[in-house]
Each structure stands twice: as C-alpha cells, then as structure tokens.
Amino acid sequence: MVILGAGPAGLVLANLLLRSGIDCVVLERTGRDDVRNRARAGFLAANTVRILERNGLDEGLRRHGQEHGVCEFRTGDGRFRLDYRRLGRGEPHTVYPQHELVADLLARFLDAGGRIRFATEAVAVHDADGPTPSVTVREEDGRPGRWRARYVAACDGRHGAGRRSLPPGAVHHHRDHGVSWLGLLAEAPPSLDAVGYALHPRGFAGHMARSAEITRYYLQCAPGTRADAWSEERIWDELDLRMRATEYGPLLRGPVVRRTVVDLWSDVLEPLRHGSLFLVGDAAALISPSAAKGANLAVLEAEILAHALTRALAHGDPDALDGYSQQCLVHIWRAQEFSHWMIGLLHQTPDSEDAHRFREGLRHARIAALRTSATQQHWFAENYVGV
Ligand code: APR
C-alpha cells in the first residue's frame with residue numbers, strides 16, 4: 001500500500017492500516033519538520049474526536065484539547081450568541097492545533113515502525129486501472145524512482161499527484177465563491193470566549209482561538225490581495241472596526257506571526273475511486289474554511305478507507321472497497337452544502353447591483369432566522385459541528 005502525503009488524511013490512514021497489520025509506506029514531498037510545523041486548521045468535530053479516540057490516536061488531544069461550544073455573531077443589528085454545544089446533537093468542537101495533531105500522528109506511526117519517505121515527491125500514479133499500480137517519484141537527491149503496490153491512496157491534497165493522475169471521465173465539480181480571506185495567526189490571547197463572526201459593510205471578520213496564547217483571525221479582502229499588503233496597524237484597526245470593538249470591547253493585540261490569503265474555493269471529484277487509486281481528504285474534495293470542515297472530512301474519509309482496505313487486504317473481501325466513494329461523497333456534499341450556506345451568511349459577495357440587493361435581503365433573512373428560530377439554531381448546531 002502506498003500513501004501519498006503525510007497530512008491528517010495520510011497519517012490517520014497509515015496508522016489505522018499499520019494497526020491492522022497492513023504494510024504501507026507514506027511518500028511525503030516535504031521534510032519532517034515541515035510536516036510537524038504546518039499550522040492549518042484546529043477545530044475538531046465531535047465525530048473526529050471519537051474516531052481518534054477509538055483508534056488510540058487521541059493522546060495529545062486528551063491532554064491539550066480545549067472544548068469550544070459558543071459562536072458570537074456581530075451584525076449591524078446587534079450581536080447574539082449561539083451556545084451550539086447545547087443545541088442540535090449537543091456536541092462541542094475540540095480546539096487542538098492541527099500541527100499538534102499531525103505531530104502526534106507522525107510520532108505514533110514512526111514509533112509503531114511505520115515507514116515514511118520524506119522529501120520524496122510523487123510525480124504520477126500509473127496503471128491504476130489494474131492490480132499493479134505504481135508511483136513515479138522524485139527522490140530527495142532528485143533521482144527518479146518508482147514504488148509499486150496493490151493500492152495507492154492519494155492523500156496529497158489539491159495539487160498532488162493523485163489528482164494529476166486521474167483517468168478521463170473523472171468528474172470535477174467546482175465553485176469559486178468570489179471571496180478571499182486574509183488569514184492571520186496572532187501571538188495574542190483570544191479576545192472572545194467564543195468563535196466570533198463579524199458581518200460588516202466593509203466585509204467579514206472572524207475570530208477563532210487556537211490556544212491560550214494564539215488566536216486565528218480572518219479579514220475578508222479583495223481577491224488577489226497580497227498577504228503582506230496590510231501593515232499590522234491597519235490589520236488591527238480593521239479588525240477592531242469590523243468586530244465593532246467600540247461597542248463590544250477592544251481586541252487583545254499582539255504580533256501577527258503568520259499570514260496567508262485564502263481564496264474561498266470548493267470542489268468535489270467524483271468518483272473517489274479509480275481502480276486501485278483512492279482519493280482522500282483535500283485530494284478528494286476541497287472545502288472552504290468557512291465552516292472548519294476540511295480536516296474533519298479528511299479524518300473521516302481516512303477511517304472509512306482504512307476499514308475497506310483492511311477488509312480487502314486482510315480478509316479477502318475487495319467488495320468493501322466498492323462502497324468507499326459513495327459513502328464519503330454523502331458526507332462531503334453535506335459539508336459542502338453547509339459551508340456554502342455559511343459563505344452566503346457571512347459575506348457580501350460581488351454581484352450586479354440588482355442581484356446584490358436581492359442577495360443582501362436573503363442574507364438578512366438568514367441572520368434573523370438564526371437569531372430568532374430555535375429550529376434554525378438546532379439545524380445550525382447539528383451541521384456546524386457535524387461531519
Ligand atoms: N508527493 C508527496 N507528498 C505530497 C505531494 C506529492 N506530489 N503533494 C502534496 N504532498 C503532501 C503535502 O506536503 C502535505 O503534507 O501531502 C500532504 C497533504 O496534506 P494536507 O494538505 O493537510 O491535506 P489532507 O491530509 O487531505 O488534510 C486536509 O487538513 O490541512 C488541513 O484544513 C486543511 O482541509 C485541509 C485538511
């Protein structure tokens with residue numbers, strides 16, 4: 001079994017296969033430290049925590065994870081809070097920085113004797129339509145190489161070799177939401193005891209705790225904005241403005257230690273299986289960060305594939321693999337639908353004047369329903385935390 005990529009998808013899959021006694025090797029383009037230090041998401045759904053717990057992968061999470069269960073929406077009509085931990089299925093998020101989770105998964109896999117080839121870039125997957133697929137790679141010293149296996153799991157993200165090697169006929173659904181975020185990591189304590197969503201005529205602003213010392217902020221910006229375009233002073237002043245700090249209290253400032261511009265994009269590939277090649281995580285579907293679903297879908301899909309591969313390879317039941325794609329697509333499309341709904345709630349999106357006025361009317365109706373309808377609040381909580 002060859003697994004491409006050592007992110008959440010690849011490392012959960014690798015750990016589960018190794019526990020089932022299935023030989024696998026992970027080919028990872030970057031180095032060990034890059035994998036361990038890549039700050040990405042951090043909001044784990046309750047189901048993700050259950051998956052990690054039942055597979056014995058939750059040690060770090062249990063020690064350092066923080067429960068989060070409240071959202072605060074700030075709008076021109078005032079603010080309101082949703083204690084989503086007490087709504088829907090009554091589930092909180094667990095905040096645990098993704099690079100910590102990946103470091104745990106990496107350590108667990110290597111300690112158990114797992115094999116990872118760092119600085120080994122997969123170039124393409126070959127002969128996936130038969131039982132002897134292979135992966136051509138660029139080794140650390142630049143030499144070409146080739147790895148053969150019975151199956152290949154592409155956990156190498158949106159730009160990886162898995163997507164590049166799909167046969168004709170693979171369907172690619174995609175949507176550019178026309179919105180970009182300036183994603184910021186600040187060395188500053190959280191300013192709210194909640195996930196903050198600020199809806200402002202100047203654009204969306206978001207606040208998500210990462211730890212007691214680190215806070216993630218988002219600022220909607222024009223597509224094409226450079227990450228270094230804004231001074232720190234302008235960033236904090238704009239965050240204060242959009243989060244209505246004069247009404248609700250100043251934000252706790254600190255150095256901005258990491259910046260990225262994220263274009264809110266979504267896509268889904270169908271099917272997720274092509275013969276001996278399986279797509280997992282971002283390689284299977286990219287979801288906008290508006291609802292913090294990406295890493296949770298990656299972990300869910302990795303467990304589904306690990307179970308199917310174990311049945312096929314350890315119990316001689318290849319039919320289990322036939323269900324992988326459809327079983328994951330149901331969850332992917334449900335998450336995409338909610339993420340799309342969130343984008344419509346949080347952002348004024350560029351439209352023609354008429355369409356813009358109509359869309360703004362819809363947006364205000366959504367906000368009012370979320371503020372006043374218990375049914376809508378239960379629906380929100382169930383989808384916000386669910387995967
Ligand atoms: N060959 C080998 N490794 C590769 C290649 C390649 N050609 N291309 C990418 N990779 C590696 C990357 O270096 C990275 O370590 O694949 C890994 C992909 O990891 P992620 O991008 O984290 O994707 P995934 O595991 O699917 O997790 C998806 O987690 O990163 C968060 O929220 C984010 O939605 C995303 C979710």
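Keep in mind that what you see is a predicted model, and the values were worked out from it rather than measured.
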Sole residue of Val12, Leu61, Leu11, Leu52 in side chain to side chain contact (heavy atoms under 4.5 Å, CB included) with Leu101: Leu52
Side-chain donor-acceptor contact under 3.5 Å, Thr120 with Arg138: no
Pair Arg242 + Glu238, salt bridge at N-O below 4.0 Å: yes
Exceeds 12 heavy-atom contacts within 6.0 angstrom, atom CZ of Arg54: yes
CZ (Arg158) with more than 12 external heavy atoms under 6.0 Å: yes
Fellow cluster residues of Trp265, listed by chain then number, with links counted only when side-chain atoms sit under 4.5 Å apart: Leu286
Which atom of Ala128 lies closest to which atom of Pro133, heavy atoms considered: CA-CB, 4.0 Å
Selection residues 209-252 - residue pairs positive for ring-ring contact (aromatic ring centres under 6.0 Å, His included), sequence neighbours left out: Trp181-Tyr218, His207-Tyr217, Tyr217-Trp236
Which atom of Ile332 lies closest to which atom of Ala285, heavy atoms considered: CG2-CB, 3.7 Å
Pair Asp83 + Arg86: basic N to acidic O under 4.0 Å: yes
Chi angles and distances behind the side-chain hydrogen bond (donor to acceptor under 3.5 Å, both in side chains) call for Ser180, Asp263: CA-CA 4 Å; Ser180 296; Asp263 297 325; 2.6 Å; yes
Flag if over 12 foreign heavy atoms under 6.0 Å of CD, Glu140: no
Side chains of Glu270 and Trp333, donor plus acceptor under 3.5 Å: yes
Trp379: which of Tyr384, Phe338, Tyr84 passes ring-ring contact (aromatic ring centres under 6.0 Å, His included): Phe338
Partner residues of Glu91 under the side chain to side chain donor-acceptor pair (under 3.5 Å) criterion, sequence neighbours left out: Arg50, Arg89
Non-hydrogen atoms of Gly78 and Arg371 that approach each other most closely: O-NH2, 4.2 Å
Validation row: Val25, Met1 side chains within 4.5 angstrom (heavy atoms): no
Side chain proximity check, Leu370 to Leu82, heavy atoms < 4.5 angstrom: yes
Side chains of Glu100 and His64, donor plus acceptor under 3.5 Å: no
For the student: nearest non-hydrogen atoms of Ser288 and Ile343, plus distance: OG-CD1, 3.4 Å
Within 6.0 angstrom of Glu139 CD, more than 12 heavy atoms from elsewhere: yes
Trace of the side-chain hydrogen bond (donor to acceptor under 3.5 Å, both in side chains) decision for Tyr96 with Asp58: CA-CA 11 Å; Tyr96 186 52; Asp58 62 321; over 6 Å; no
Asp193 and Val70, any side-chain heavy atoms less than 4.5 Å apart: no
Residues His274 and Asp129: side-chain donor-acceptor under 3.5 angstrom: no
With sequence neighbours excluded, residues passing side chain to side chain donor-acceptor pair (under 3.5 Å) with Asn296: Thr48
Check ion pair Arg117-Glu28 (N to O, under 4.0 angstrom): no
Ser325/Gln327 under side-chain hydrogen bond (donor to acceptor under 3.5 Å, both in side chains): CA gap, chis, key distance, verdict: CA-CA 6 Å; Ser325 181; Gln327 196 178 345; over 6 Å; no
Ion pair check, Arg259 and Glu232, cut-off under 4.0 Å: no
Sub-4.5 Å side-chain heavy-atom contact between Phe278 and Leu321: yes
Non-hydrogen atoms of Ala209 and His68 that approach each other most closely: CB-NE2, 3.7 Å
Neighbour count >12 (heavy atoms, 6.0 Å) for atom CZ, Arg334: no
Min side-chain heavy-atom separation Leu16-Thr310 under 4.5 Å: no
Ring pair (Phe, Tyr, Trp, His ring centres under 6.0 Å) evaluation trace for His177 with His347: CA-CA 10 Å; His177 299 285; His347 305 89; 8.9 Å; no
Set of residues satisfying side chain to side chain donor-acceptor pair (under 3.5 Å) with respect to Asp237, sequence neighbours excluded: Arg253
N-O pairing of Asp319 and Arg311 below 4.0 Å: no
Enclosure of His340 NE2 (heavy-atom neighbours >12, cutoff 6.0 Å): no
Any Ile367 side-chain heavy atom under 4.5 Å of Leu345 side chain: yes
Partner residues of Asn47 under the side chain to side chain donor-acceptor pair (under 3.5 Å) criterion, sequence neighbours left out: none
Under-4.0 Å salt bridge between Asp267 and Arg163: yes
Side-chain touch Ser134/Arg146, heavy atoms, less than 4.5 angstrom: yes
Arg150 vs Ser276, side-chain hydrogen bond (donor to acceptor under 3.5 Å, both in side chains): CA-CA, chis, key distance, verdict: CA-CA 7 Å; Arg150 178 61 192 84; Ser276 302; 2.9 Å; yes
Closest approach of Gly7 to Val102 (non-hydrogen atoms, all atoms of both residues): C-CG2, 4.5 Å
Within-4.5 Å side-chain heavy-atom neighbours: Val26 and Leu4: no
